[in-house]
Amino acid sequence: MKRIYCTPDDLLRIRVGAPLGAVAETMLATRVVQRRNVAGFAGWRSQVRSAIPANFGVLADILPADDSFLDLITPIRGARSIAAGIEALHLVSRDEVRMEVESLIRNRAREGRAPLPAWTAELADRDGTARRNVADAVEAFHSVAFAGRWAHIQSYLEQAAERMARTVATEGVERMFAELHPYVTWRAPVLEVHRQGDCLHDEYLDGRGMVIIPSMFAWPQPLTLTSLVDKDAPLMVVVPVLRDINDFTTAWGPRATNETLTALLGRTRAAALQVIAEGCSTTELARRLGVSPATASEHASILRESGLIDSWRHRNAMRHEVTTLGAALLDGNVGNLGSNVRIA
């Protein structure tokens, strides 16, 4: 258990943060898929493990199932899409990565764990092979782990963050902490973060404040993350947002046929958006729709210009995924979309 001591100034600086983003959640999912007793994630784990990418070992080296993992989450937190997260990963400073690697080496040695692989020493090099290999492995695993559903999950996490922030604004931080039970317990002026197997550890914020962040794959217990380069940065407490299998089903969001979508976009373009929701390249989109690559590219361009999908180049292929707006449209949540959707 970790006990976080809050000063009166800290209490004024407790806030709810935006979700971690695509790359950070993918890194956390890497840890969950390596566990055996995963309760509500069992079906997901079985499906993902049957299609695990060949380069997954790169991630397993630095993101094992236990808590001795390399924190690349703090430096890139908040990059919403996979493309933005990969770019942020490449831009993390040499010093910050070096400090994270050295900190993990010390922690593993102190706990008697196996040392990090030798290749991790090269992660500090922005343009080096090691960081490119991690980025490639994250992209490959993200496609398998989220199966094109990232935008829907991002929307679910954003709604969770909004609810938590609304609770803080209307009922105060104590009420929010109460709703986060059993993961945390508030005993003024101490926030107890419950973590099985941890030794008792006290942390004093000393005016830094704290950010509470909802997460899908920070499971089965909260994480606390601290910046090594900014000593005044608030402590991040990442809390699981899923309580049971019903929450997982809601977050994953099974989609039925949406006639409103067809009426708005037309049958072919609606089908294109549904295919892209599963994650695909332009070539794969063309094959699934039974059209030429040029026609598939045109459909993707129009959906992208309308804000319904994002696209990025991966090696020699153009990859696509739905945006939060596209996910809302797929799920039939069109009531509040207003004039945001502009279909040519």
Side-chain angles (χ1 to χ4, degrees), residues 2 20-35 48-49 52-79 81-145 195 197-199 201 203 213 215 217-218 223-233 235-236 238 312-315:
K2 174 172 283 191
L20 295 172
V23 169
E25 284 289 343
T26 301
M27 290 178 172
L28 294 179
T30 297
R31 302 172 63 233
V32 174
V33 82
Q34 295 175 78
R35 296 190 172 114
V48 170
R49 285 182 70 87
I52 210 80
N55 58 356
F56 181 78
V58 173
L59 298 182
D61 280 345
I62 60 175
L63 296 158
D66 59 39
D67 285 338
S68 61
F69 65 92
L70 181 63
D71 180 15
L72 296 176
I73 295 171
T74 300
I76 64 168
R77 180 180 73 84
S81 70
I82 188 69
I86 292 299
E87 181 180 4
L89 180 60
H90 284 300
L91 292 176
V92 179
S93 73
R94 176 189 297 268
D95 286 344
E96 187 163 11
V97 174
R98 177 183 52 77
M99 291 172 69
E100 291 289 356
V101 171
E102 291 175 352
S103 174
L104 181 55
I105 290 173
R106 289 193 299 271
N107 290 341
R108 284 194 170 192
R110 183 171 60 250
E111 296 169 4
R113 300 181 187 271
L116 285 173
W119 66 264
T120 58
E122 302 173 12
L123 276 171
D125 185 357
R126 282 180 174 176
D127 301 318
T129 301
R131 205 179 297 198
R132 286 199 301 272
N133 288 344
V134 170
D136 287 346
V138 166
E139 281 196 275
F141 184 64
H142 177 84
S143 296
V144 172
R195 297 176 49 78
D198 267 7
C199 298
H201 175 69
E203 180 149 356
I213 301 169
S215 166
F217 283 102
L223 297 172
T224 56
L225 302 174
T226 304
S227 172
L228 296 182
V229 294
D230 184 359
K231 299 302 183 183
D232 295 325
L235 176 71
M236 290 189 288
V238 186
W312 72 97
R313 183 163 294 282
H314 178 64
R315 294 193 174 94

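Keep in mind that this is a model prediction, so the values were computed, not measured. Because only heavy atoms are used, hydrogens play no part in the values below, and waters and symmetry mates are left out as well, while side chains stay in.
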Worksheet item: Is there a side-chain contact between Leu20 and Leu28, using heavy atoms and a 4.5 Å cut-off?
Response: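 When only atoms from C-beta onward are counted, Leu28 and Leu20 do touch, with a gap below 4.5 Å.
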> Do the non-hydrogen side-chain atoms of Pro115 and Ile105 ever get within less than 4.5 Å of each other?
Replying inline: no
Subject >> Asn133 and Trp119 side chains, donor-acceptor separation under 3.5 Å >> reply: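 Side-chain D/A pair, Trp119 to Asn133: absent.
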Quiz prompt | Exercise: do Glu87 and Trp312 side chains pair donor with acceptor under 3.5 Å | solution =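 Result is no, nothing qualifies.
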Partner of Phe217 under side chain to side chain contact (heavy atoms under 4.5 Å, CB included), picked from Val238, Val32, Val33, is Val32
Verify, without hydrogens or angle tests, whether [X] (side chain) and [Y] (backbone) share a donor-acceptor contact under 3.5 angstrom.
{"X": "Arg132", "Y": "Asp127", "value": "yes"}
{"X": "Arg108", "Y": "Ala114", "value": "yes"}
{"X": "Ser103", "Y": "Met99", "value": "no"}

* Could you tell me the separation between the CG atom of Leu72 and the CD atom of Glu96, rounded to the nearest 0.5 Å? =>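 Going from CG on Leu72 over to CD on Glu96, the span is 9.0 Å.
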Query raised in the report: Rounded to the nearest 0.5 Å, what separation is found between the CG atom of Asp61 and the OG1 atom of Thr30?
Result: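 Result: 11.5 Å between the selected atoms.
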query: Excluding sequence neighbours, so at least two apart, what forms side chain to side chain contact (heavy atoms under 4.5 Å, CB included) with Glu100?
result: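 Here the qualifying residues are Leu70, Asp71, Leu228.
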Asp66 meets the salt bridge (charged side-chain N to carboxylate O under 4.0 Å, His left out) criterion, sequence neighbours left out, with Arg113
Practice task
Report the residues that fulfil salt bridge (charged side-chain N to carboxylate O under 4.0 Å, His left out) with Asp125, sequence neighbours left out, ordered by chain and then residue number.
Solution key: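 Here no residue qualifies.
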